[in-house]
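Pasting a structure below so you can have a look.
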Protein chains: 2
Amino acid sequence: MECKPTIEDVAKLASVSIATVSRVINNQGGVRKVTEERIVNAISELGYIRSALARSMKRKETNTIGIIVPDITNPFFPHVVAGIEQKAREKGYYTILSSTNESTIIEEEIVRIFIERGVDGVIITTANETGDHIKLLQDQGIPIVAVDRTIKNFEVDTVLVDNVNGAYQAVRQLILQGHERIAIICGPQNTTPGRERYLGYKKALEEYNIPLDSSLVIQGDFMENSGYKGALRLFYSNNRPTAIFSSNNQMTIGCVKALTELDWKLGEEVSFIGFDDVEIATFIKPRLSVVSRPMTTIGEIAFQLLYERIHFKGNLPKREFLLTPELKIRESCHKI
Amino acid sequence: MECKPTIEDVAKLASVSIATVSRVINNQGGVRKVTEERIVNAISELGYIRSALARSMKRKETNTIGIIVPDITNPFFPHVVAGIEQKAREKGYYTILSSTNESTIIEEEIVRIFIERGVDGVIITTANETGDHIKLLQDQGIPIVAVDRTIKNFEVDTVLVDNVNGAYQAVRQLILQGHERIAIICGPQNTTPGRERYLGYKKALEEYNIPLDSSLVIQGDFMENSGYKGALRLFYSNNRPTAIFSSNNQMTIGCVKALTELDWKLGEEVSFIGFDDVEIATFIKPRLSVVSRPMTTIGEIAFQLLYERIHFKGNLPKREFLLTPELKIRESCHKI
DNA sequence: GTGAAAGCGCTAACAC
DNA sequence: GTGTTAGCGCTTTCAC
């Protein structure tokens with residue numbers, strides 16, 4: 001069994017032409033039962049498995065879609081990916097996944113590799129929303145769906161979550177509980193989620209006539225460590241907040257670590273709401289309030305959009321989904 | 001730019017033959033400088049990207065390795081994968097990843113797809129250690145490296161961690177702290193890690209002449225929920241243990257959730273050590289003691305072994321790596 | 001240095 | 001129903 005058997009080997013063993021074998025492999029029918037049986041036997045005898053390579057080459061489709069995420073260690077993305085894969089499998093699509101580590105350069109490289117491999121479409125959360133570096137995809141006519149972050153310089157289908165609204169809800173909740181000194185750990189302001197969540201924060205403050213205090217606005221980068229440092233800074237400032245809103249899950253983790261180390265009592269001395277659910281939310285004490293997004297649904301919708309793009313190559317207009325996040329109030333925010 | 005340009009388009013534009021273009025693409029040298037320049041220009045003008053499909057077909061290698069893990073939501077595996085990918089990238093290899101959900105059936109299907117796609121090798125943590133269902137790979141002469149769990153019915157390179165020793169260390173630690181009623185949440189006994197960690201548990205007990213009490217041995221399946229239920233059962237038994245050893249990280253999470261809900265005081269009323277590190281270990285209170293494995297290193301070694309197999313097709317003997325885990329003692333285990 | 005040509009394994013007309 | 005054949009886009013002898 002050293003070398004892989006080909007369709008020709010099967011044909012020979014079954015004494016038919018390769019065309020007939022092909023028909024059987026692809027269930028196209030129009031083959032006499034006896035013949036089919038002979039072929040099926042030959043296939044199993046040889047342990048024949050058809051080459052997807054050769055097939056894709058001929059058909060000009062690989063039934064593969066590429067997924068690009070900025071940070072695979074952020075649990076948000078695996079959940080989205082799970083949604084994508086679920087739907088993809090149903091439709092006979094296969095996925096390949098790469099993480100860019102938030103680097104535009106790596107992203108460009110991955111796009112290139114995806115094109116080389118002939119992906120039928122790409123679902124991407126880009127590290128750089130201008131999108132110039134992934135224009136190659138469009139040049140090649142490969143459908144794209146943007147998730148969580150938009151692409152500015154050309155039109156693609158997108159599925160987003162209403163970040164402004166989510167952050168607004170969270171901060172309003174804190175305000176309604178009597179907080180006025182509410183800090184925010186921001187995400188990068190050159191990303192839509194980072195910017196919009198900050199906007200939601202500001203919107204809530206404005207609405208309740210609470211002046212924006214820049215010493216309560218901490219710049220983070222969506223990574224755990226920046227949440228950690230941000231919490232530290234707030235703790236040691238001479239202007240300690242009574243509540244903190246964290247712009248994403250990783251930074252939430254960092255914050256909680258810091259609070260624990262500082263013994264800054266969560267829910268008592270400082271209220272807390274984070275954007276995105278985290279695994280620990282429900283079993284640390286007090287349980288964490290979070291803005292929760294339908295991650296799997298996001299993935300499912302993204303695939304659906306992409307699938308339609310791949311199949312109705314016509315002129316679909318740009319489509320945009322905007323899902324509404326849900327505020328889950330638990331114990332980490334208390335009345336003041 | 002509707003249709004992707006091919007090597008032929010480039011050749012035409014540069015007024016050379018496709019053979020010459022191929023030489024340039026592959027940096028094979030032996031092309032006059034002027035010619036090369038003309039070709040390079042043509043390539044960038046057309047936005048040409050070579051088809052990995054056609055290339056792989058001709059070369060009979062895809063520079064792709066397949067990775068199969070049983071549960072992608074278990075953070076252990078992403079970390080191993082990160083190690084693999086890191087090394088793979090360095091060597092110009094690309095990875096495709098699939099999760100079987102601990103299902104032999106899905107695993108078989110994935111193996112099939114991998115073969116169809118012509119992966120050059122496979123790194124696998126199998127859902128079924130007999131390995132019968134993945135024999136296809138061997139039949140096709142595709143190199144395999146087993147990680148974390150062995151393959152019984154044929155020989156492959158493996159990289160394992162000394163599970164017996166890790167569990168033994170953990171349980172001994174508990175014994176030395178005065179515990180005698182030590183419970184274990186087991187993994188599936190038809191997997192090596194599940195079985196070996198149980199063996200380590202028994203070994204420690206024996207060594208210190210503590211009789212094995214079957215009511216303290218809980219069967220789990222490595223999934224979070226079974227840890228949760230296990231802890232519940234122990235709590236409500238009329239034979240409550242003073243310490244718990246959990247056989248993997250997911251079940252540890254489940255246990256901690258249960259303890260929290262039950263208000264069964266970790267570190268005070270019940271000591272705890274889990275196999276494998278978990279993110280929350282260091283910032284829940286008390287901090288969790290764990291048996292820690294060098295996850296990234298495991299991945300790196302696995303790729304190295306596979307790489308050698310792929311390239312020295314000769315008669316390498318079966319190789320087996322056995323890494324030693326490290327006991328990290330924190331606050332969740334106390335003297336009784 | 002460069003080109004012509006033979007495939008890699010498959011699908012899809014098109015014949016019979 | 002089944003076979004013949006022309007590619008898909010590339011790499012790689014082997015000529016020149």
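Note on naming: letters A, B, ... go to the chains in the order of the sequence lines (proteins, then strands), and numbering restarts at 1 for each one.
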Rounded interatomic separation in angstrom, taking CD1 from B/Ile7 and C1' from C/dG7: 15 Å
In whole angstroms, how far is the P atom of D/dC10 from the CG atom of B/Asp9? 9 Å
Between B/Ala54 and B/Gly30, which is nearer to the 5' end of DNA chain C once each is assigned its nearest nucleotide? B/Gly30
Winner on side-chain proximity to B/Thr20, out of D/dG9, C/dG3, C/dT11, is C/dG3
D/dT11 OP1/OP2 closer than 4.0 Å to side-chain N/O of B/Ser22: yes
Would you say the side chains of B/Thr130 and B/Asn128 form a donor-acceptor pair under 3.5 Å? yes
Looking only at side-chain atoms of B/Arg59, point me to the closest of D/dT11, C/dA4, C/dA13. D/dT11
Roughly, in whole Å, what's the span from CD in B/Glu8 to P in C/dG3? 13 Å
Compare side-chain N and O positions of A/Thr35 against OP1 and OP2 of D/dT2 and report whether any pair is under 4.0 Å apart. yes
Flag the pair B/Arg319 and B/Glu308 as a salt bridge only when some basic side-chain nitrogen lies within less than 4.0 angstrom of an acidic carboxylate oxygen. yes
Using OP1 and OP2 only, check whether a side-chain N or O of B/Gln28 sits under 4.0 Å from D/dT12. yes
Taking the side chain of A/Met57 as its heavy atoms from C-beta onward, which of C/dG9, C/dC10, D/dT12 lies nearest to it? C/dG9
Could you go through the salt bridge (charged side-chain N to carboxylate O under 4.0 Å, His left out) check for A/Lys87 and A/Glu300 one step at a time? CA-CA 6 Å; A/Lys87 285 292 168 198; A/Glu300 290 172 353; 5.1 Å; no
Starting at CG of B/Asn26 and ending at P of D/dT13, how long is that distance when rounded to a whole Å? 13 Å
Could you check which of C/dA13, D/dC10, C/dA5 has an atom nearest any side-chain atom of B/Tyr48? D/dC10
For a quick test of reading the model: is some side-chain N or O of B/Arg32 closer than 4.0 Å to OP1 or OP2 of C/dG1? no
With a 4.0 Å cutoff (strictly under), does any side-chain N or O of B/Ser51 reach OP1 or OP2 of D/dG9? no
Okay, side chain of A/Asp120, backbone of A/Ile65: is any donor-acceptor separation there less than 3.5 Å? no
Tell me the interatomic distance from B/Glu61, atom CD, to C/dC8, atom P, rounded to whole angstroms. 17 Å
Rounded to whole angstrom units, what separation is found between the NZ atom of A/Lys12 and the C1' atom of D/dT2? 18 Å
Measure the distance from CG on B/Leu53 to C1' on D/dT11 and round it to the nearest whole Å. 15 Å
Please state whether the phosphate of D/dG9, meaning OP1 or OP2, lies under 4.0 angstrom from any side-chain nitrogen or oxygen of A/Lys60. yes
In whole angstroms, the gap separating C1' of D/dG9 from CD1 of B/Ile18 amounts to 8 Å
Residue-phosphate contact under 4.0 Å: A/Arg23 side-chain N/O, D/dG3 OP1/OP2: no
Under 4.0 Å between a side-chain N/O of A/Arg55 and OP1 or OP2 of D/dC8, yes or no? no
Please name the pair of heavy atoms, one in B/Ile68 and one in B/Glu107, separated by the smallest distance, quoted to 0.1 Å. CG2-CG, 4.2 Å
May I ask you to verify whether the side chain of B/Lys58 and the base of D/dG9 hold a donor-acceptor pair under 3.5 Å? no
With B/Lys91 as the cation and B/Tyr307 as the aromatic partner, state whether NZ or CZ is under 6.0 Å from the six-membered ring centre and within 45° of the axis. yes
